[in-house]
Amino acid sequence: MWRGENAGSFAELKALPGRMSVRLRLTLLYGLLFFLAGALLLFVMSVLMADILGNVKVLGYGITTDEQAAALQRQFVDQTMKQLVGRSLLALGGVGIITLVLGWFVADRALSPLQRVTTTARRLSESTLHERIALEGPDDEIKELADTFDAMLERLGHAFDSQRRFVANASHELRTPLAINRTLLEVALGDPDVSDDLRAVGRTLLATNARHERLIEGLLLLARSERELTTRTPVDLAEVAATVLEHSARRDHDNDVSVHPELTPGKALGDPVLLEHLVSNLVENAVKHNEEAGGELWIRTGLLDGYATVQVENTGPAVPAYEVERLFEPFRRLNADRVESSKGAGLGLSIVRSVVLAHRGAVYAAPRPGGGLIVTVRLPSG
């Protein structure tokens, strides 16, 4: 027990310097150097003063022998040195305290360029990568750090511009042939002279084309949601959920699911389009992975612990707890691989997580007792 307690105290003592700020460490370093220099100066001055006082002849009334003179001289030197060292130590302590205070402000002054670099780094986002620190001053280590950071921002800016151009070009190049294929298939199926076999093949190709369109839309949305937000406006999650439920009711689903909305106002700060996709993906995922008959879905919105919250709960097959985290990975489905795509491409929850991270929120999922999943999203309130 004694060894364990001492080992823990020693470990905490070793970790103490890592918990101090740079400003505090510099202040303590300044103070330590001053005290060391002051102690050395006091030692040298004491030696020199003792040597000088040792050569001083002390004269006194009634002194008749050399032994009395020597004793009086030693007494004089001892008393003088005690007073000199005592007062010097007091002066050293007082000036040392003043040095620590001055060192605190000097350290703050010395670290101000680093604080500027930190402030700029915190403020930067994808939409403000054009900003630069542009630190002026001598070519020292701090200016070299700032220039290196500016060069990194320049490279990041070019990389984000290239990514935006790639997404835009990919969106056009991938959507156009699929749209042409869909149009040709619809025109062919609209011909009354088409045989039944050809019509069946056309419908299969049309369904496959629609799946590819949804997959491309999901991939492009995933790429866009992983970037920094450029639009942040107050959005009521209750209104978003109501809109999503209205659109979902108009579409045909393979499963007959009863929806139980529990919507209360909860305003989040973010991109309205991405938030609508977030709620839509949660609802569509809960509908697709539900019971084929008699399935149920609950959607709740509101404020929880100061966060705008939306929660979607659905019945369905049992979800093992160890599989929940993997469902947020792209192309992941419960008990299925990438080939089994009848219920989607496996991008729904990965898009949800990307949108949540872009809004600096959090998403949690847990198996529902009796089967199904409960997904909760918490976003900063607006």
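- Taken together through direct or relayed side-chain contacts under 4.5 Å among Ile, Leu, Val, Met, Phe, Trp and Tyr, L245 and V310 form part of one hydrophobic cluster.
- If you take CD1 on I299 and CG on L237, they are separated by 9.5 Å, rounding to the nearest 0.5 Å.
- To the nearest 0.5 Å, the span separating CG on L185 from CG on L205 amounts to 5.5 Å.
- Summarising the geometry of P272 relative to V235, their closest heavy-atom pair is CG-CG2, 3.8 Å, with the distance given to 0.1 Å.
- Criterion: ILVMFWY side-chain heavy atoms under 4.5 Å apart, direct or through other members. Under it, V375 and V324 are part of a common hydrophobic cluster.
- The backbone N or O of E239 lies less than 3.5 Å from a partner atom in the side chain of T243, making a donor-acceptor pair.
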Dump the intermediate steps for side-chain contact (heavy atoms from CB on, under 4.5 Å) on W298 and R368, then the final yes or no. CA-CA 12 Å; W298 295 266; R368 179 180 177 273; 3.6 Å; yes
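- Counting only heavy atoms from C-beta outward, the side chains of P234 and D236 never approach each other to under 4.5 Å.
- L100 approaches G31 most closely through the heavy-atom pair CD2-CA, 3.6 Å.
- Two residues are said to be in side-chain contact when any heavy atoms from C-beta on lie closer than 4.5 Å; V240 and L278 fail this criterion.
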Under the salt bridge (charged side-chain N to carboxylate O under 4.0 Å, His left out) criterion, do D147 and K143 qualify, and how do the steps go? CA-CA 6 Å; D147 293 341; K143 190 175 187 303; 3.1 Å; yes
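- A distance of 9.5 Å separates NE2 of H247 from OG of S280, quoted to the nearest 0.5 Å.
- The hydrophobic clustering, which links ILVMFWY residues whose side-chain heavy atoms are closer than 4.5 Å, places L102 and L26 apart.
- The side-chain heavy atoms of L263 and R300, taken from C-beta on, include no pair separated by under 4.5 Å.
- Proximity of a side-chain donor or acceptor of H359 to a complementary backbone N or O of A268 within less than 3.5 Å is not detected.
- Residues L379 and F328 fall within the same hydrophobic cluster, defined by Ile, Leu, Val, Met, Phe, Trp and Tyr side chains chained together at heavy-atom separations under 4.5 Å.
- Remark: side-chain polar atoms of N290 are paired, donor with acceptor, to backbone N or O of A286 under 3.5 angstrom.
- A heavy-atom distance below 4.5 Å is not found between the side chains of T301 and T309.
- Residues H158 and R155 have side chains not in contact (no heavy-atom distance under 4.5 Å, counting atoms from C-beta outward).
- Between E325 and R353, at least one side-chain N (NZ, or NE/NH1/NH2) sits under 4.0 Å from a carboxylate O, which counts as a salt bridge.
- When all heavy atoms of P380 and G361 are compared, the pair lying nearest together is CD-CA, 4.2 Å.
- A chain of hydrophobic side-chain contacts below 4.5 Å, direct or via other Ile, Leu, Val, Met, Phe, Trp or Tyr residues, connects V259 to L282.
- When all heavy atoms of T27 and W104 are compared, the closest pair comes out as OG1-CA, 3.3 Å.
- Within 6.0 Å of CZ on R199 lie more than 12 heavy atoms contributed by other residues, nucleotides or ligands.
- Sorted by first then second residue, the side-chain hydrogen bond (donor to acceptor under 3.5 Å, both in side chains) pairs that include residues 185-198, not counting sequence neighbours, number zero.
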Intermediate values then yes/no, side-chain contact (heavy atoms from CB on, under 4.5 Å), L92 and F34: CA-CA 9 Å; L92 180 63; F34 171 80; 3.8 Å; yes
Does the side chain to side chain donor-acceptor pair (under 3.5 Å) test come out yes or no for T315 and E291, once each step is laid out? CA-CA 7 Å; T315 56; E291 302 289 348; 5.2 Å; no
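- Atom-to-atom distance recorded for L304:CG and S381:OG is 11.5 Å, nearest 0.5 angstrom.
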Under the side-chain contact (heavy atoms from CB on, under 4.5 Å) criterion, do Q79 and K82 qualify, and how do the steps go? CA-CA 5 Å; Q79 291 179 355; K82 286 181 180 179; 5.8 Å; no
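- Rounded to the nearest 0.5 Å, atoms CG (L297) and CD (E313) are 9.0 Å apart.
- Within 6.0 Å of the OH atom in Y307, the count of heavy atoms belonging to other residues, nucleotides or ligands does not exceed 12.
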Begin from the C-alpha positions of F105 and V101 and carry the test side-chain contact (heavy atoms from CB on, under 4.5 Å) through to its verdict. CA-CA 7 Å; F105 292 102; V101 175; 3.8 Å; yes
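- Side-chain contact between V257 and E296 is absent, with no heavy atoms from C-beta onward closer than 4.5 Å.
- Under a 3.5 Å cut-off, the side chain of N314 and the backbone N or O of H289 do form a donor-acceptor pair.
- Rounding to the nearest 0.5 angstrom, the gap separating the CG atom in L89 from the CG atom in L84 is 9.5 Å.
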